[in-house]
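Everything below concerns the one structure shown next.
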Amino acid sequence: LKSPLITLLTDFGTQDYFVGAIKGVILSLNPNAQIVDITHDVPPQDIPAAAFNLLACYKDFPAATIHVAVVDPGVGSSRIPLMIECAGQFFVGPDNGIFSWICERERNWRAIHLHNEKFFRHPVSTTFHGRDVFAPVAAALSKGTPSSQLGAEVSDIVRLESLKTKKIDDGRIEGSVIYIDRFGNCITNLTREDLAASKAGAPAKLIVNGREITSFREFFADSGTDDEPFCVIGSAGFLEIAMKNSEAAAVLNVGRGDRVILMM
Amino acid sequence: LKSPLITLLTDFGTQDYFVGAIKGVILSLNPNAQIVDITHDVPPQDIPAAAFNLLACYKDFPAATIHVAVVDPGVGSSRIPLMIECAGQFFVGPDNGIFSWICERERNWRAIHLHNEKFFRHPVSTTFHGRDVFAPVAAALSKGTPSSQLGAEVSDIVRLESLKTKKIDDGRIEGSVIYIDRFGNCITNLTREDLAASKAGAPAKLIVNGREITSFREFFADSGTDDEPFCVIGSAGFLEIAMKNSEAAAVLNVGRGDRVILMM
Amino acid sequence: LKSPLITLLTDFGTQDYFVGAIKGVILSLNPNAQIVDITHDVPPQDIPAAAFNLLACYKDFPAATIHVAVVDPGVGSSRIPLMIECAGQFFVGPDNGIFSWICERERNWRAIHLHNEKFFRHPVSTTFHGRDVFAPVAAALSKGTPSSQLGAEVSDIVRLESLKTKKIDDGRIEGSVIYIDRFGNCITNLTREDLAASKAGAPAKLIVNGREITSFREFFADSGTDDEPFCVIGSAGFLEIAMKNSEAAAVLNVGRGDRVILMM
């Protein structure tokens with residue numbers, strides 16, 4: 001019998017007791033749960049960064065995995081706690097857009113407002129729903145509690161700005177930088193499909209921050225000088241702007257949200 | 001059959017092999033042990049920070065959990081290695097105060113001087129008792145070794161300064177900042193009981209570093225301007241000084257050990 | 001039945017989804033695998049740092065442990081993916097020297113070029129072999145796949161500079177700093193055997209960066225002033241240059257690769 005898998009993705013950092021408390025609560029309720037950290041180093045309150053990282057890896061986990069994602073600037077306010085069933089997995093966290101890119105991609109999903117306090121840790125603190133709401137609900141799910149017992153279905157969820165790129169005209173597609181990773185790579189929302197839409201079968205260039213990038217490579221260690229930025233389809237399936245031995249984001253002075261134009 | 005649970009809390013950081021070695025030793029001795037990291041990012045040699053973080057989450061773990069806490073500036077010197085039974089759990093680490101706040105809260109506890117070297121990893125290095133003493137003893141405990149075999153009972157332990165607050169007069173309670181967390185929240189040793197002791201049912205203000213804080217909120221996202229510090233009972237059960245989108249510790253220039261006065 | 005143990009050691013950091021993706025892939029293929037993080041905070045592309053940390057702890061893990069080590073600046077290029085059987089354990093990663101110090105110490109080892117793409121995650125990205133090559137191969141190994149199915153034996157591997165020290169003359173042994181740890185301790189390649197080679201049974205001094213260190217201690221908390229650097233045999237079995245409450249590397253301005261001379 002395999003152990004139910006619960007992943008954690010938060011902005012709690014690893015310096016304090018927060019993550020330990022969440023794991024303690026889960027293992028107190030279900031000693032057979034297997035807990036995997038995705039990351040706890042999401043920049044504080046950065047919902048899009050959390051959304052991107054979960055989007056980039058949820059498909060690598062087995063069916064029935066329970067993903068707990070807690071980047072929750074609105075904790076204690078009126079934002080509702082949510083459970084989403086989607087892609088054969090479960091997603092537990094605040095209704096603030098953290099799961100919206102996954103729902104946008106998968107299309108078929110069902111959301112439950114977690115209002116059955118019977119499954120919470122009591123007393124519920126006003127500041128730490130990761131421990132008091134989301135952890136115990138995830139533990140309940142991992143023990144087979146039907147989602148219908150956890151709350152009532154809701155028809156829509158809070159959404160982040162769409163990941164869709166925009167066709168400006170036959171020669172140009174507009175996208176944006178959606179994430180900067182540890183290596184300074186700038187991940188855009190452009191995909192292999194956008195590249196394939198180019199007439200010549202390969203794009204001419206990418207424009208970012210007034211700079212033209214004309215090198216489209218297959219991998220990081222490909223030929224080319226160290227100080228030349230290049231484009232590559234990264235491991236999350238998106239076009240990334242990278243440099244061989246430098247941080248492209250710093251060198252190009254590119255930040256999240258910056259516009260990029262793919263020229264055919 | 002559930003796996004025995006062993007938590008780790010150290011100042012070893014996550015950059016070096018230290019934590020890996022500890023886990024290897026535990027799993028070599030007991031492959032069924034389930035290991036949970038509380039944190040390895042305690043500031044180097046900061047015993048009170050370790051003590052606070054363990055205090056804040058040990059109750060979230062199930063009965064019989066074995067907590068290994070190694071912040072150990074005196075490693076290799078005459079400080080003794082300790083095992084404490086308390087609150088239905090086990091605590092393994094150096095006798096330097098790291099467990100004293102838990103003992104202060106629980107009152108009932110029993111301490112064993114770990115002197116039976118049969119349970120150590122040999123040769124015992126002089127610099128890394130986390131791997132050579134505490135990890136193998138925790139593994140032995142997790143396999144059911146009676147604590148009486150591990151060493152002899154001791155009557156007292158090294159203690160950190162008490163967490164008790166001080167009633168100055170009918171209108172004032174004195175406490176101090178005992179921890180600053182990742183978000184810059186200043187956790188004090190004042191509790192809900194101290195607040196309840198106020199005549200009006202709610203305190204008038206908290207004074208810290210010459211500044212008066214008059215806002216007492218229920219949660220972080222509560223109404224109020226962003227640049228106004230406020231007090232809230234945090235998730236560890238202590239009164240915290242916080243700000244909505246800033247680090248209170250930096251803005252107020254407050255550090256650990258700073259005195260706070262609760263005015264009724 | 002105990003779970004097969006897989007360790008991870010990478011330079012992926014803990015901020016992004018990379019480590020989560022690797023764990024998801026492993027647990028999708030083998031839900032019974034037990035995954036242990038050694039570290040993900042190796043400085044980016046720093047192969048010797050990865051090699052040192054694995055060398056310092058692999059012996060603490062049980063027989064048949066599968067170590068996945070991915071610091072891989074040449075990902076996507078012609079460097080081959082490797083599996084090494086050595087010391088009763090398995091080592092999976094790129095052929096770039098990351099395992100060479102272990103092979104140098106153990107002498108008996110066997111290396112397999114992982115070219116059977118049947119065991120890879122498809123499509124294989126050009127940028128993330130940790131997820132697409134090394135993780136699924138490790139999962140296959142953990143399920144008992146014979147190494148002969150994974151690829152063909154190779155006769156040699158890429159090697160880092162040897163860890164051997166050099167006897168200059170009867171009175172002097174030359175070594176170098178091979179690692180700086182979190183505490184600023186400077187780990188050299190000198191061992192207890194080098195110390196034992198001294199005529200008097202104890203060395204006279206160590207010279208590093210023009211400075212003479214004459215204090216050889218048994219442990220960190222030993223007597224001596226705080227601002228005096230000293231030598232100690234550290235927990236990895238090598239001579240370290242340390243200071244009691246300071247970072248020796250910073251104070252002495254010592255970096256990796258710096259030459260040290262042990263004077264008898």
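Computed from a prediction, not measured in an experiment: that's the story for all the values here. Numbers restart at 1 for each chain; the letters A, B, ... are given by sequence-line order, proteins then strands.
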Pairing of C/K23 and A/D60 as salt bridge, 4.0 angstrom limit: no

Note to self: Whether C/R79 and C/D72 form a salt bridge (side-chain N of Lys/Arg under 4.0 Å from carboxylate O of Asp/Glu) is what I want to check.
What the structure shows: yes

Heavy-atom pair count under 4.5 Å with chain A, highest-scoring of [options]:
{"options": "C/S125, C/A135, C/A21", "result": "C/A21"}
{"options": "C/G13, C/G20, C/S28", "result": "C/S28"}
{"options": "C/D37, C/D16, C/I26, C/L29", "result": "C/D16"}
{"options": "C/I22, C/I35, C/V25", "result": "C/V25"}

Note: C/Q149 and C/N116 closest approach over all heavy atoms is O-ND2, 2.8 Å

Turns out that what part of A/Y58 lies under 4.5 Å from chain C's heavy atoms comes down to neither

Examine whether an atom of A/A49 lies under 4.5 Å from a heavy atom of chain C, and if so say whether it belongs to the side chain, the backbone or both; otherwise answer neither.
->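 No part of A/A49 comes within 4.5 Å of chain C.
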
**Message:** Counting only non-hydrogen atoms closer than 4.5 Å, does C/R131 touch chain A with its backbone (N, CA, C, O), its side chain (CB onward), both, or neither?
**Reply:**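 Looking at C/R131, just its side chain touches chain A.
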
Is it the backbone or the side chain of C/F18 that comes under 4.5 Å from a heavy atom of chain A, or both, or neither?
->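 The side chain, not the backbone.
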
Taking atom types as modelled and ignoring hydrogens, do the side chains of [X] and [Y] form a donor-acceptor contact shorter than 3.5 angstrom?
{"X": "A/H40", "Y": "A/T10", "value": "yes"}
{"X": "C/R110", "Y": "C/S147", "value": "yes"}
{"X": "C/S3", "Y": "C/N32", "value": "no"}

